[in-house]
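Step one of this worksheet: look at the structure below.
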Amino acid sequence: MSRLAIVADAPARPAAEGILTDPALAFLAELVERFEPRVQQLLKAREMRQTRFDAGESPGFLPETAAVRAGDWRVAPIPADLLDRRVEITGPTDRKMIINALNSGARVFMADCEDSMSPSWDNVVAGQANLRDAVRRQIDFITPEGKAYRLVERPAVLMMRPRGWHLIEKHLVHPDAAYAGVAVPGALVDFGLYLFHNHAELAGRGTGPYFYLPKLESHREARLWAEVFDFAERRLGLAHGTIRCTVLIETILAAFEMDEILFELRDHIVGLNCGRWDYIFSFIKKFAQRPGFLLPDRQQVTMTTHFLRSYSLLCIKTCHRRGAFAMGGMAAQIPIKNDPVANDAAIAKVRADKEREAGDGHDGTWVAHPALVPVAMEVFDRLMPTPNQLHRLRDDIEVGAGDLLQVPQGTITEAGLRNNISVALQYMAAWLSGNGCVPIHNLMEDAATAEISRAQVWQWIRDPRGVLDDGRKVTAGLFRAMLAEERSRLRGALGEAAYDAGNFDRAAVLLDGITTAEVFESFLTTVGYRELA
């Protein structure tokens, strides 16, 4: 039996013990053999569709799937431990983060192998070991000062988000000559290792292998996940429907296919989630070459704008009609120490955002920091006395293609441009250093928000209307001047030694390259991954 091989220059890690076993690598090889060609086909389809958008085509509700949208069908019943998901917390798979998140009081913790994790080989393997220990309630963490972190008696329900279809795992290869040059999908590695090592233990504890699926752009991509689930269940002797998932609606294209995505995964899916930050990035990316699709400063693109509110309401209506949850999005604010006024303002923004979600009919929400769990919990306890809001069908909502494509109005400011450059530079430096979840300017930034930041600058440079409110045109020269100023500011603030050790110069070169390039890079992380060990 074939098994995936660890590439020669991938260093052995202590955490790999019990994770990269021969049976596990053989299971991954089967996944690659069966599904990698389909992954490539779907990625090629993305490229072809993007070419049509660049030429002027606009997305819409698919005529060929009208019968699915009109049909009277529902998803499979939701597992008991997922019926109340009023507050969820997310974060990467480092050991201390897992413990704090599971202990946070949130109902669900989404352990993230994607946007908030820098996928170095260390992080990928150690993350799987940490998840294995967390599933078995054998995880702890002792600081150098001797402070101990251990799980509470009733931790949050654990879900895991694998990487998207577009990301590869370069440290594993298929040994057979027939697969020479085949890129191993990171999604299959993350999913396969977690499922293989933990399905039996999860079942014994009365829960199951639960996943969040990122960055889908079509129901065909959802269909591939359904086929992966079905194969994995048969291969491991699991009952059909054991694997359950929630899909992030975080691309503009997926918003037009929510019914179809639910239908393809109907035996496995329990809900959709409004992944707002990637959704905004997707909106910029898909229409970056099109006149009339210029977005203002990121801070002005809030969930109260028409196109985002429409997508949120459509998610609620679509999900509840099918018996699935509609989860709200991430509050990126974090507590602000030593500034009570600024902290109160940040908490007020979180509270207002969660009141909108609960009032509209969402079944739960996300936060990025344990201190925000009580804030979100109070809102949903107050406005959602039932475990969920599946009974709120929202038949009053009517959302058309024009609503989803309505460009928000606003201004482009020097402060907005500088903030985008600062966030993209600082995040990418941290990501190259192995940290994918970074507090910057009192917000918790991950790959999605960094993507918005660099994509906006790219678009503003190329669009004739990319003009600051003071009359200056955003140009490559202006971007480079501000990038140099931000590097100088960071060097002064951090000191020479910390700056030099922080990968800021490497990040600046990378950021300059993708921001001034004529062709838009689909993902910042695919470029950055070439630099990771």
Side-chain angles (χ1 to χ4, degrees), residues 27 30-31 34-35 38-39 42 62 64-85 88 108 110 157-162 164-165 185 187-188 190-192 194-196 198-200 202-250 254 257-273 315-327 363-364 387-388 390 393:
F27 180 60
E30 291 184 78
L31 293 177
R34 288 176 177 266
F35 299 111
R38 291 277 304 285
V39 173
L42 290 169
L62 303 178
E64 62 267 31
T65 55
V68 171
R69 294 193 298 277
D72 184 16
W73 51 269
R74 292 172 65 85
V75 303
I78 294 171
D81 59 343
L82 291 179
L83 285 172
D84 188 334
R85 297 170 61 179
E88 301 186 344
V108 169
M110 186 197 78
V157 175
L158 181 61
M159 302 184 78
M160 192 271 267
R161 174 163 70 169
W165 287 131
L188 297 181
D190 299 337
F191 162 80
Y194 181 75
L195 180 69
F196 185 86
N198 299 303
H199 67 86
L202 289 164
R205 293 183 177 275
T207 185
Y210 301 151
F211 297 90
Y212 255 103
L213 304 181
K215 306 233 179 353
L216 299 189
E217 294 195 6
S218 74
H219 68 282
R220 292 179 178 85
E221 295 181 17
R223 182 183 303 160
L224 177 57
W225 269 118
E227 292 173 6
V228 170
F229 291 168
D230 291 345
F231 168 78
E233 287 173 343
R234 293 193 302 271
R235 171 67 176 75
L236 298 175
L238 308 178
H240 180 65
T242 295
I243 300 170
R244 307 307 292 267
C245 70
T246 300
V247 169
L248 286 139
I249 302 299
E250 53 186 357
E257 300 185 37
M258 287 192 267
D259 263 313
E260 293 89 335
I261 289 169
L262 288 168
F263 182 78
E264 295 292 347
L265 284 159
R266 60 194 179 277
D267 292 344
H268 300 280
I269 199 164
V270 296
L272 305 177
N273 178 298
C315 180
I316 296 167
K317 178 179 181 178
T318 304
C319 286
H320 288 182
R321 182 186 176 201
R322 306 304 184 182
F325 290 156
M327 303 300 296
D363 301 287
N388 52 67
L390 290 178
L393 300 180

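Just so you know, these numbers use all the heavy atoms, side chains as well, and skip hydrogens, waters and symmetry mates. Just so it is clear, the model here is predicted, and its values are computed rather than measured.
- For the side chain to side chain contact (heavy atoms under 4.5 Å, CB included) criterion with Leu272, the lone passing option out of Leu265, Ile249, Ile316 is Ile249.
- Across every non-hydrogen atom of Val270 and Ile78, the tightest pair is O-CD1, 3.9 Å.
- Taking the side chain as every heavy atom from C-beta outward, Phe27 and Arg235 approach each other to under 4.5 Å.
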Handout entry: Chi angles and distances behind the side chain to side chain contact (heavy atoms under 4.5 Å, CB included) call for Phe325, Val75
Key = CA-CA 10 Å; Phe325 290 156; Val75 303; over 6 Å; no
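- Residues Phe191 and Trp225 place their aromatic rings such that the two centres sit under 6.0 Å apart.
- The distance from atom CD1 of Ile261 to atom CD of Glu221, rounded to the nearest 0.5 Å, is 8.5 Å.
- A side chain to side chain contact (heavy atoms under 4.5 Å, CB included) with Thr246 is found for exactly one of Glu88, Arg85, Arg161, namely Arg85.
- Minimum interatomic distance between Ala232 and Leu195 (heavy atoms only, all atoms of both residues): CB-CD2, 3.6 Å.
- Here the side chain of His268 pairs a donor or acceptor atom with the backbone of Ile243 at under 3.5 angstrom.
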Exercise for the section: Using the side chain to side chain contact (heavy atoms under 4.5 Å, CB included) rule, take Glu257 and Thr65 through it: C-alpha gap first, then chi angles, then the decisive distance, then the call. Expected result: CA-CA 9 Å; Glu257 300 185 37; Thr65 55; over 6 Å; no
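- In terms of heavy-atom proximity, Leu83 sits nearest to Asn388 at O-ND2, 3.0 Å.
- For the atom pair CD (Glu217) and CD (Glu250), the distance works out to 10.0 Å, reported to the nearest 0.5 Å.
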Exercise for the section: Evaluate the criterion side chain to side chain contact (heavy atoms under 4.5 Å, CB included) for residue pair Trp165 and Leu224; output intermediate values, then yes/no. Expected result: CA-CA 10 Å; Trp165 287 131; Leu224 177 57; 3.7 Å; yes
Handout entry: Test side chain to side chain contact (heavy atoms under 4.5 Å, CB included) applied to Tyr210 and Asp81, step by step
Key = CA-CA 11 Å; Tyr210 301 151; Asp81 59 343; 2.7 Å; yes
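- In plain terms, the two heavy atoms of Leu248 and Pro214 that are nearest each other are CD1-CA, 4.0 Å.
- In this structure a side-chain-to-backbone donor-acceptor pair under 3.5 Å is missing from Asp267 to Gly241.
- Arg69 places a side-chain N or O within donor-acceptor distance of the main-chain N or O of Leu62, the cut-off being under 3.5 Å.
- Tyr212 and Met327 make their closest contact through OH-CG, 4.1 Å (heavy atoms, listed as atom of the first residue, atom of the second, distance).
- Checking side-chain atoms of Asp363 against main-chain N and O of Ala326 turns up a donor-acceptor pair under 3.5 Å.
- Under a 3.5 Å cut-off, the side chain of Arg223 and the backbone N or O of Arg220 do not form any donor-acceptor pair.
- Side-chain contact annotation: Arg322 with Thr318, donor-acceptor N/O pair under 3.5 Å absent.
- In this structure, Arg234 fails the cation-pi test against Phe231, since its NZ or CZ atom is not both closer than 6.0 Å to the six-membered ring centre and inside 45 degrees of the ring normal.
- When all heavy atoms of His320 and Leu390 are compared, the pair lying nearest together is CD2-CD2, 3.7 Å.
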